[in-house]
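Throughout, a chain's letter reflects where its sequence line sits, starting with A, and its residues are numbered from 1.
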Amino acid sequence: MNEPDLSVSLGRLRLKNPVMPASGTFNFGKEYAEYFDLNQMGAVVNKSVMLQPRQGNAPPRIVETPCGMLSSIGLPSQGIEEFLTVQLPFMRALECAAIVSVSGTSAEEFGELVSVLDRAGGVDALELNLSCPNFVDKVIFATDCGLMAEVLQECRRRTSLPLIAKLSPNVTDIVQMARLAEKHGADMLCAVNTFTGMAIDVRTRRPVLGTVTGGLSGPAIKPIVLRMVWQITQAVGLPVIACGGISNGTDAVEFLLAGAAAVQVGTANFINPLAIPETIAGIRQYMLDSGPHSVTEIIGAAWRRSAAGR
Amino acid sequence: MNEPDLSVSLGRLRLKNPVMPASGTFNFGKEYAEYFDLNQMGAVVNKSVMLQPRQGNAPPRIVETPCGMLSSIGLPSQGIEEFLTVQLPFMRALECAAIVSVSGTSAEEFGELVSVLDRAGGVDALELNLSCPNFVDKVIFATDCGLMAEVLQECRRRTSLPLIAKLSPNVTDIVQMARLAEKHGADMLCAVNTFTGMAIDVRTRRPVLGTVTGGLSGPAIKPIVLRMVWQITQAVGLPVIACGGISNGTDAVEFLLAGAAAVQVGTANFINPLAIPETIAGIRQYMLDSGPHSVTEIIGAAWRRSAAGR
Amino acid sequence: MFLHCFWAMLITGTILDLRPAGPEYFVLRAHAPQVVQHAAPGQFVMLQGWGEQDPLLRRPFDFHRLDREAGAFEVLFKVKGHGTAMISRLRPGDPLSVLGPLGRPIPFHEAPKAVGLIGRGSGVSPMFTIAEEVRRRGGRSYALVSARSPDRLLCVDELRPFCQAVWTFTDDAGGGAALRQALETLVRDEALDAVFTCGSNRLASLVAQLGQEGHFAGYAFMDAPMACGVGTCKGCVCRVRRDGAGYRYALACLEGPVFPLSEVLIE
Amino acid sequence: MFLHCFWAMLITGTILDLRPAGPEYFVLRAHAPQVVQHAAPGQFVMLQGWGEQDPLLRRPFDFHRLDREAGAFEVLFKVKGHGTAMISRLRPGDPLSVLGPLGRPIPFHEAPKAVGLIGRGSGVSPMFTIAEEVRRRGGRSYALVSARSPDRLLCVDELRPFCQAVWTFTDDAGGGAALRQALETLVRDEALDAVFTCGSNRLASLVAQLGQEGHFAGYAFMDAPMACGVGTCKGCVCRVRRDGAGYRYALACLEGPVFPLSEVLIE
Ligand SMILES: Cc1cc2nc3c(=O)[nH]c(=O)nc-3n(C[C@H](O)[C@H](O)[C@H](O)COP(=O)(O)OP(=O)(O)OC[C@H]3O[C@@H](n4cnc5c(N)ncnc54)[C@H](O)[C@@H]3O)c2cc1C
Ligand SMILES: Cc1cc2nc3c(=O)[nH]c(=O)nc-3n(C[C@H](O)[C@H](O)[C@H](O)COP(=O)(O)OP(=O)(O)OC[C@H]3O[C@@H](n4cnc5c(N)ncnc54)[C@H](O)[C@@H]3O)c2cc1C
Ligand SMILES: Cc1cc2nc3c(=O)[nH]c(=O)nc-3n(C[C@H](O)[C@H](O)[C@H](O)COP(=O)(O)O)c2cc1C
Ligand SMILES: Cc1cc2nc3c(=O)[nH]c(=O)nc-3n(C[C@H](O)[C@H](O)[C@H](O)COP(=O)(O)O)c2cc1C
Ligand code: FES
Ligand code: FES
């Protein structure tokens with residue numbers, strides 16, 4: 001059996017395999033370098049960087065839920081200056097694509113970050129975190145057509161780097177948001193960020209999280225995210241990076257079959273620091289076992305075949 | 001310790017306790033009569049009845065997911081005629097409120113069902129399933145303001161029975177939908193139906209469910225539904241019946257604290273036929289352990305206290 | 001309308017024994033007298049051997065053995081995924097949540113003369129209780145056990161005492177054609193009343209076909225994903241021929257899991 | 001900036017022993033030589049004793065004993081919810097997924113003279129490794145063990161060999177005031193270098209207060225919900241006084257779990 005070809009192209013961005021960490025679950029890679037060779041990854045993605053240093057939200061910041069977790073970290077950040085001197089060089093030195101996730105509280109702030117990173121060099125793509133549910137005012141850009149368009153336009157104006165719009169699942173019509181992102185200049189989509197949820201402590205009779213609500217992630221959300229990826233990839237031409245509950249090779253293959261061009265492993269890293277290399281190995285094994293030489297052949301196979309009629 | 005008072009009032013509807021089955025997870029009660037005394041329940045709720053007999057969707061109809069399940073049953077129904085002669089008399093004979101869930105494919109169909117049931121007598125409330133994600137054309141009334149308003153108006157016109165609007169969680173702004181239901185005559189809200197999701201079989205490379213997508217239910221969705229109930233009850237004056245992942249007394253208390261006036265136990269019935277009586281017992285024990293004499297005192301306590309400042 | 005069996009209950013049983021029965025196969029023996037008391041061949045149980053919410057749903061298994069004296073039942077199962085893997089790690093003394101007996105007992109003739117039993121893989125499991133029952137009623141059973149490979153021919157020696165004859169067939173030895181031939185011979189020579197089949201759609205189709213031609217009643221154990229096991233989720237449907245034309249959906253957990261092959265559609 | 005310990009690893013260890021240590025309390029002993037080799041007092045492990053996704057997250061536990069010769073560690077834990085209940089049901093021979101050692105080792109003086117150890121409930125657990133280390137460095141430990149009731153005074157006899165003295169306090173016997181008095185006497189008479197406390201915010205506040213007045217360095221084991229244990233989720237924050245004014249958030253899994261009480265805010 002020939003060694004399968006795991007490489008994928010996301011527009012201009014070519015990755016040696018379709019697996020990367022989800023922003024905010026991997027810091028910028030340093031911690032997991034102890035557990036596996038980071039150069040194995042298709043790309044590295046940092047925790048969303050903000051323009052200014054920030055402390056993040058008051059604790060408690062996390063709580064476990066059935067097959068998932070709620071988090072309300074609130075984007076603590078070292079700020080872009082430290083990012084450029086400490087984190088970015090580390091990411092750039094890895095033998096994989098460097099995707100920089102940025103987050104802002106306004107279109108202006110997003111735009112400034114994009115400009116700075118455009119000039120910084122060595123950035124292969126920018127992921128715009130339009131979907132954090134844990135800002136103090138709880139505004140999620142990617143649930144509001146106007147806000148999302150504004151941010152995207154501002155960012156597009158400032159760079160020719162590939163822009164990834166990270167969508168929010170907290171919407172009625174994910175396809176509409178995907179189309180909007182396409183229209184306003186996104187080169188790729190990341191689907192999706194966390195679902196807004198909460199937990200209450202029946203003993204104290206108070207919400208558990210310091211900020212009341214938080215973002216639900218982990219295996220619990222996987223079936224909903226899979227449906228969204230299935231819908232988006234059939235409706236919109238942009239490459240989609242899937243994110244939501246992906247914990248192993250089988251999960252990743254499900255998302256590739258649903259149409260995703262790449263996948264992000266998030267919460268799973270916390271439980272298993274080897275989740276990313278195991279996911280890569282799992283995809284490879286799937287291809288060895290079941291045929292196709294190139295991973296691109298399975299992307300969207302679940303609907304491409306279904307379109308052809310069962 | 002005095003025996004706690006579990007009774008709740010949902011507008012005109014008075015229940016001896018706030019626990020009832022979720023539509024579609026309990027048939028109309030018959031099967032579970034073998035396992036416990038149905039008269040213990042606050043109310044009985046039937047699987048949504050349709051006007052005409054229907055077969056439902058092609059199998060496979062269910063698939064398990066992490067801490068949840070996807071179902072696409074497609075509302076098989078005996079039709080309203082058999083319902084009036086077989087199921088409704090059974091429900092009416094129970095010593096608890098009889099809530100009849102109805103579902104239609106158009107406002108007209110909903111309206112007709114409402115008229116028939118209004119005349120039938122012995123119905124304590126009507127629950128309008130505006131949120132089934134598994135019709136062949138995949139339209140969910142409660143995700144579209146226009147459609148939902150139309151159905152509600154039609155039903156309101158036809159009956160003075162308490163109307164419960166069952167909302168869909170597949171929306172950007174659940175409060176908006178709740179307000180809309182209030183505006184168009186709903187007396188109560190049921191929050192919520194299932195989340196649209198899907199699963200793919202990596203071996204066959206095909207969606208697992210016969211209808212591709214299905215509704216996600218079970219503990220996995222609980223944190224999102226809790227957030228929705230928390231939001232709705234603070235914004236809208238109508239009593240809210242919570243539904244989503246509630247499996248035991250602690251879950252139920254969480255939802256009561258979040259503001260729900262009653263709770264529905266759904267998927268949990270499948271795993272544990274005693275889930276409903278155990279939920280009732282769990283609420284009772286919570287009250288014995290922690291104080292309040294009447295369950296109405298804990299409804300919304302998590303935000304009533306929070307509004308008063310921490 | 002069919003009659004719903006009103007003896008099902010939910011109890012916490014105890015694992016008595018759990019032994020390997022082949023590659024990936026196990027036999028679990030559990031003490032659950034209230035369930036066993038009312039159980040009959042063709043029925044099944046929904047088991048949960050973990051206190052957690054993952055896996056969420058119970059798992060359905062046919063009765064392999066019913067030991068009324070001991071108040072115990074056995075199931076023979078294959079480790080397929082998550083749930084069966086967890087059950088295979090249980091140990092004697094562990095509690096086991098049992099919902100059952102569920103489904104419709106097989107409607108036996110008063111005095112069956114001769115019955116064919118065809119099981120593939122773990123599909124051999126429910127044939128034991130049938131063979132026992134047939135013998136109790138004075139009839140004879142002939143078992144045809146099929147598997148991918150010889151090590152997957154399960155519990156064959158245990159089956160012999162209950163049967164007039166037991167034949168085995170493996171794929172590597174051209175089992176498909178040989179089984180067909182053996183069954184045709186049986187049907188011709190033994191005037192079978194009924195043939196039961198479990199564990200293979202291919203074999204069920206074969207029995208359905210021979211049943212149409214011959215004069216026995218064919219039955220298949222149908223395998224549908226189940227959530228509740230009691231008729232409330234409406235998830236476990238099989239297509240069943242309708243009197244007029246077309247088909248209707250029947251709930252495998254209520255009308256089945258054993259269906260007449262003259263009615264059910266094998267897909 | 002602090003130094004991150006680069007010896008953490010993920011291994012599958014083996015349960016050697018699991019014994020009850022009081023009502024709802026257990027001591028788990030596991031073989032995990034690669035982890036134990038690099039572990040030091042004040043560090044912790046994230047354990048997962050189930051293959052499933054519910055509970056999803058690992059559970060953090062302090063090292064109770066480190067047995068370098070045997071390549072084994074012990075944790076002393078209380079059954080609180082889901083995860084600890086599952087761990088309490090494990091049996092010798094079962095695999096145990098171990099991530100560790102995590103967190104910052106306690107920065108000991110070259111030669112500590114006298115150290116106070118205050119543990120409440122399962123908070124007594126990490127005091128053993130500290131007492132051992134202090135003795136190795138030629139110092140003396142004095143332990144004050146607190147609990148709700150006498151049966152919750154855990155492992156006291158095991159602690160004695162490592163300590164100069166062990167006192168116990170229970171709530172029913174007016175333990176709070178007595179403990180304060182005992183600690184004040186200790187501080188006065190023994191010129192303590194340091195006091196470590198675990199398992200009670202009330203006791204941590206007391207130590208913080210006495211530390212300000214006296215001349216010892218107080219330390220508390222901080223308890224924050226943790227997802228990753230390695231610094232990536234940013235979930236496990238404690239408020240720590242900032243050089244200027246106000247506070248900053250410190251990650252308990254990286255800068256802690258043991259924090260100087262002169263810095264950390266007890267809430
Ligand atoms: C009435 C009935 C009786 C059965 N009797 C036996 C038996 O005696 N011995 C035996 O080995 N197996 C039997 N099966 C199949 C057995 O239930 C499945 O192999 C088992 O549920 C797989 O669970 P898992 O967690 O290992 O697999 P997973 O693949 O992880 O299961 C995921 C989900 O799919 C369902 N599922 C998976 N495979 C099947 C299947 N083949 N049929 C129905 N649902 C499935 C599970 O119940 C679960 O809900 C029976 C099935 C039914 C419906
Ligand atoms: C660094 C550290 C060391 C610890 N060492 C010990 C020890 O040696 N012995 C011991 O008995 N306990 C210790 N704890 C507390 C222990 O981790 C919790 O009791 C345990 O996680 C509870 O899990 P559960 O599933 O039983 O409870 P659940 O309530 O079901 O847990 C739900 C979630 O809340 C978290 N959680 C629950 N209680 C706590 C808590 N007190 N602190 C932090 N997170 C919590 C769990 O980790 C889990 O994510 C330690 C905690 C930390 C942070
Ligand atoms: C603790 C935590 C922190 C996160 N921080 C970020 C972030 O900084 N930026 C971002 O775009 N997404 C962030 N996310 C969302 C994840 O990138 C991902 O979209 C989400 O967790 C769903 O994937 P998963 O289920 O695999 O975790 C965070 C998620 C978690 C759990
Ligand atoms: C198998 C199944 C069938 C359902 N059928 C109906 C139905 O007929 N009408 C309806 O309003 N909701 C139906 N629902 C939705 C439930 O009533 C409930 O809203 C949902 O399952 C969430 O609650 P749970 O997580 O407690 O199950 C069904 C759910 C399931 C799982
Ligand atoms: S398994 Fe639920 S109806 Fe048959
Ligand atoms: S536990 Fe994740 S950062 Fe500390």
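- Chain B forms more heavy-atom pairs under 4.5 Å with one residue of A:T196, A:D144, A:D173 than with any other, namely A:T196.
- When heavy atoms are compared at a cutoff of 4.5 Å, A:I298 approaches chain B solely by way of its side chain, counted from C-beta outward.
- Per-residue counts of heavy-atom pairs under 4.5 Å with chain B were compared for A:P219, A:P223, A:G245; the largest is that of A:P223.
- Proximity to chain A (any heavy atom under 4.5 Å) is restricted, for B:Y286, to the side chain, taken from C-beta onward.
- Under a 3.5 Å cut-off, the side chain of A:R205 and the backbone N or O of B:L257 do not form any donor-acceptor pair.
- B:K222 NZ to A:M198 CE: the interatomic distance, rounded to the nearest 0.5 Å, is 11.0 Å.
- When only modelled atom types and interatomic distance are considered, B:R203 and A:S290 share no side-chain donor-acceptor pair under 3.5 Å.
- Distance CZ/B:R227 to CG/A:N170: 5.5 Å, rounded to 0.5 Å.
- Listed for the A:T172 side chain is a donor-acceptor partner under 3.5 Å among the backbone atoms of B:T172.
- Only the side chain of B:V212 comes within contact range of chain A, with heavy atoms under 4.5 Å apart.
- Interface remark: A:L70 contributes side-chain atoms only to the contact with chain B (heavy atom separation under 4.5 Å).
- The contact between B:L226 and chain A is made by backbone and side chain atoms together, counting heavy-atom distances below 4.5 Å.
- Ranking A:P66, A:A220, A:S168, A:P169 against chain B, the residue ahead of the rest is A:P66, based on heavy-atom pairs under 4.5 Å.
- When each of A:L216, A:V225, A:I174 is checked for heavy-atom pairs under 4.5 Å with chain B, A:L216 comes out on top.
- Of the listed residues (A:T65, A:I224, A:V202), the one with the most heavy-atom contacts under 4.5 Å to chain B is A:V202.
- Of the listed residues B:A258, B:G68, B:G197, B:G218, the one with more heavy-atom pairs under 4.5 angstrom with chain A than any other is B:G197.
- Side-chain atoms of A:W303 and B:P207, non-hydrogen and from C-beta on, never get closer than 4.5 Å to each other.
- The CZ atom of A:F195 lies 11.0 Å from the CD1 atom of B:I221; values are rounded to the nearest 0.5 Å.
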